[in-house]
Amino acid sequence: MEIMELTALELGREIKKKEVSVREAAQAFLTRIAQTDKVLNSFVTVEEEQVLQRADEVQSALDGGASLGPLAGVPAAVKDNICTEGIKTTCSSRILYNFIPPYSAQAVLQMQKQGAVILGKTNMDEFAMGSTTETSAFGPTKNPWNTEHVPGGSSGGSCVAVAACEAPYALGSDTGGSIRQPSSFCGVTGLKPTYGTVSRYGLIAYGSSLDQIGPIAKDISDCAAILEMIASYDPKDSTSVKRADCDFTAALTDDVKGMRIGIPTDYFGEGLEEEVKQAVLQVAEVLRQKGAVVEEFPLSLVDYAIPAYYVIASAEASSNLARFDGVKYGYRASAYDGLHGMYKKSRSEGFGEEVKRRIMLGSFVLSSGYYDAYYLKALRTKALIRRAFDAAFEKYDVILAPASPGTAPKLGQSLGDPLKMYLGDIYTISANLAGLPGVSVPCRVDQNGLPIGVQMLGNCFMEKKIIRAAYAFEQARGRWQAPPQAQRKFEKETVSASADDMQRKEKEMRSASAKDVWKTEVKTVSASAGKAVD
Amino acid sequence: MANKISDETIEYVGILAKLELSDTEKEQAKSDIERMLDYIDKLNELDTSDVEPLSHVFPVNNVFREDVVTNGDERARLLENAPAAKDGAFQVPKTVE
């Protein structure tokens with residue numbers, strides 16, 4: 001099998017046996033990215049030289065007998081809202097187009113401690129706000145199963161990188177389904193851990209009470225191994241949880257005998273595509289045949305999760321994104337009037353439409369006079385949703401559900417009606433409100449050739465149960481195939497479209513080089529008006 | 001129930017959000033917020049009078065540590081990202097006469 005087709009753990013074993021060198025592995029994926037990314041646009045930044053240099057470092061460490069983890073030397077992609085020291089981190093936003101973090105996120109440090117080689121940074125919806133990866137300032141990412149379709153979002157770039165064999169695994173982040181939904185659309189396995197399991201230090205904040213970093217890979221074994229590596233108690237994240245049960249790979253057993261699985265009947269109503277419904281029920285049947293006890297039950301409150309989420313997430317976003325003001329990093333407008341004018345201009349030009357929409361809504365619901373009616377009401381609803389899950393998990397070990405009401409929509413069909421796009425998050429959003437772990441596992445391909453993911457949710461800290469259920473299902477399903485297009489090299493596909501994208505990407509970068517423009521501006525102002533600007 | 005956002009409100013929210021919106025953008029923002037609020041009003045169907053707001057899923061306590069500096073001087077590295085810097089400080093337009 002080719003290097004690119006191996007799972008992360010398989011590749012790690014080959015590297016350990018010295019069948020493949022770390023540089024060879026890195027080079028294979030860099031070559032792959034060079035071939036495919038013109039079309040897919042899943043990466044924002046790839047620093048080839050740094051990658052190869054790091055690969056050699058890890059190789060020397062391995063040769064020197066360093067005891068690194070099972071993924072030592074295996075390349076990885078990282079979502080572009082997770083800080084990487086010395087590597088540009090943009091959140092796919094113009095406002096951070098040139099930001100080079102002086103430090104790495106704790107999750108990245110955890111990976112590097114065990115010998116990870118970071119290939120590059122992946123495209124995403126701007127500031128993780130979106131469900132299609134179309135709100136990126138660097139152009140949309142394409143779904144490798146059919147490049148006319150979106151990959152989902154917001155971790156679209158990370159999911160495409162794994163699906164199209166551009167990276168063996170990737171980190172994503174999940175605030176309302178941003179790991180699970182694109183994993184479902186791209187036919188990869190993506191896990192959102194219990195809130196507090198992976199440090200948020202260095203994750204550029206969107207909705208701090210909901211954000212969580214998690215793994216995206218080819219199968220659940222990889223996800224368990226990656227999570228084992230990145231989970232840590234971190235004093236730098238005040239919501240970090242001390243856990244003693246982070247040996248997630250111990251749960252990789254083909255045994256669901258007696259496991260109680262609940263299917264929420266209220267997830268199977270209007271709006272769910274028939275093929276998705278059948279796919280999920282088939283997974284339930286597979287687990288039942290393996291000895292699980294499967295039951296339907298009413299979860300309740302399902303329709304209240306999305307409105308509560310958008311109040312809370314937008315409120316937190318409006319506060320978190322206040323730090324982008326054109327002073328400390330990123331984009332600064334070239335012409336403005338005074339300090340406040342500079343803040344406003346820089347933000348208005350630097351943020352995209354969806355981000356501004358959420359900042360406005362968030363500022364509104366937090367403003368005096370509306371705070372109680374909207375913000376506190378949403379937090380009270382969150383408490384009720386949490387209680388509904390508490391009741392459900394008294395009866396069930398795992399909740400089985402769709403990850404999304406349908407498969408990946410076509411490009412250009414979602415952004416026109418934001419509210420409709422938000423409704424697509426109905427099956428994933430509650431897990432973030434309640435802090436629950438959840439995983440999306442590919443289960444079949446629909447009649448249009450697009451993958452369908454099944455979602456498994458567990459109670460807080462019960463990752464092992466969903467890992468066990470996912471593993472048992474995978475054993476019955478067999479190895480998941482890469483998209484048919486990924487077997488080919490993408491070269492013949494829509495070259496004109498991709499050329500357009502590349503041009504736009506370059507243009508964006510150039511037009512956004514505000515640093516120099518600002519300096520010119522200073523000179524002009526001082527010369528013409530004789531004013532000091534310090 | 002149809003929510004109505006006034007011109008004054010959108011102006012005020014724009015100030016809070018530190019965003020400069022064109023007239024077209026203001027109209028768009030008004031209708032976006034109105035539409036979202038109509039949808040969010042669904043929450044009023046729930047009786048939450050006896051429910052405490054839940055801001056974090058787990059009890060969150062202050063995390064204290066000794067106030068000891070553990071990192072080095074990173075001023076120069078931090079300023080590398082600044083759109084404008086002067087004399088080891090961030091440079092901004094003049095704010096006081």
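Each chain gets a letter, A, B and so on, in the order its sequence line appears, and its residues count up from 1.
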- Among Y331(A), F127(A), Y343(A), the one residue meeting ring-ring contact (aromatic ring centres under 6.0 Å, His included) with F324(A): F127(A)

- Check the pair I100(A), E85(A) against side chain to side chain contact (heavy atoms under 4.5 Å, CB included), reporting the backbone distance first and the verdict last. CA-CA 7 Å; I100(A) 300 176; E85(A) 186 176 344; over 6 Å; no

- Select one option (side chain, backbone, both, neither) describing which atoms of Y310(A) are under 4.5 Å from chain B's heavy atoms. side chain

- Query: Between the side chains of N432(A) and T175(A), does any donor sit under 3.5 Å from an acceptor?
  - Reply: no

- Message: For a quick check under 3.5 Å, do S209(A) and E316(A) share a side-chain donor-acceptor pair by atom type?
- Response: yes

- Please determine, among S55(B), P53(B), A85(B), the option with the most heavy-atom pairs under 4.5 Å with chain A. P53(B)

- Sub-3.5 Å donor-acceptor pair from the side chain of S6(B) to the main-chain atoms of T9(B), do we have one? yes

- Item | Region of T239(A) that comes under 4.5 Å of a non-hydrogen atom in chain B | side chain

- Message: Is F90(B) in contact with chain A via its backbone, its side chain, both, or neither, using a 4.5 Å heavy-atom distance?
- Response: side chain

- Task: Please state whether the side chain, the backbone, both or neither of R386(A) comes within less than 4.5 Å of a heavy atom of chain B.
- Result: side chain

- If you count heavy-atom pairs under 4.5 Å between each of L16(B), L37(B), L78(B) and chain A, which one has the most? L37(B)

- Item | When R347(A), K356(A), K345(A) are compared by non-hydrogen pairs under 4.5 Å with chain B, the top option | R347(A)

- Task: Determine whether the side chains of T48(B) and K377(A) contain a donor N or O and an acceptor N or O closer than 3.5 Å.
- Result: yes

- Query: Of the backbone (N, CA, C, O) and the side chain (C-beta and beyond), which part of Y375(A) lies under 4.5 Å from a heavy atom of chain B, both, or neither?
  - Reply: neither

- Query: Quick one: of L376(A), L321(A), V241(A), L339(A), who has the most non-hydrogen atom pairs under 4.5 Å with chain B?
  - Reply: L339(A)

- Message: For E25(B), I'd like to know if atom CD has over 12 heavy atoms of other residues, nucleotides or ligands within 6.0 Å.
- Response: yes

- Task: Examine whether an atom of I385(A) lies under 4.5 Å from a heavy atom of chain B, and if so say whether it belongs to the side chain, the backbone or both; otherwise answer neither.
- Result: neither

- Among the listed options D32(B), N62(B), I33(B), the residue most often paired with chain A at heavy-atom distances under 4.5 Å: D32(B)

- Query: Are any of the side-chain heavy atoms of Y374(A) and F364(A) separated by less than 4.5 Å?
  - Reply: yes

- Message: Out of S367(A), P102(A), G196(A), G435(A), return the one with the most heavy atom pairs under 4.5 angstrom to chain B.
- Response: P102(A)

- Query: Is S346(A) reaching over with its side chain to a backbone N or O of A333(A), donor-acceptor style, under 3.5 angstrom?
  - Reply: yes

- Query: Contact part of L433(A) toward chain B, heavy-atom cut-off under 4.5 Å: side chain, backbone, both or neither?
  - Reply: backbone

- Item | S240(A) portion near chain B, given a 4.5 angstrom heavy-atom threshold | neither

- Backbone of G326(A) reached by a side-chain donor or acceptor of R332(A) within 3.5 Å: yes

- Item | Heavy-atom contact with chain B under 4.5 Å, split by part of F461(A) | side chain

- Message: Taking side chain as everything from C-beta outward and backbone as N, CA, C, O, which of these in I10(B) sits under 4.5 Å from a heavy atom of chain A? Side chain, backbone, both or neither.
- Response: both

- Query: Near K236(A) NZ, under 6.0 Å, is it more than 12 heavy atoms from other residues, nucleotides or ligands?
  - Reply: yes

- Note on the structure: Cut-off 4.5 Å, heavy atoms of chain A, and the answer for E52(B) is backbone

- Contact origin within D325(A) toward chain B - heavy atom pairs under 4.5 Å: neither

- Hey, which of L366(A), I306(A), V365(A) has the most heavy atom pairs under 4.5 Å with chain B? I306(A)

- Under 3.5 Å side-chain donor-acceptor pair for Y103(A) and E74(B): no

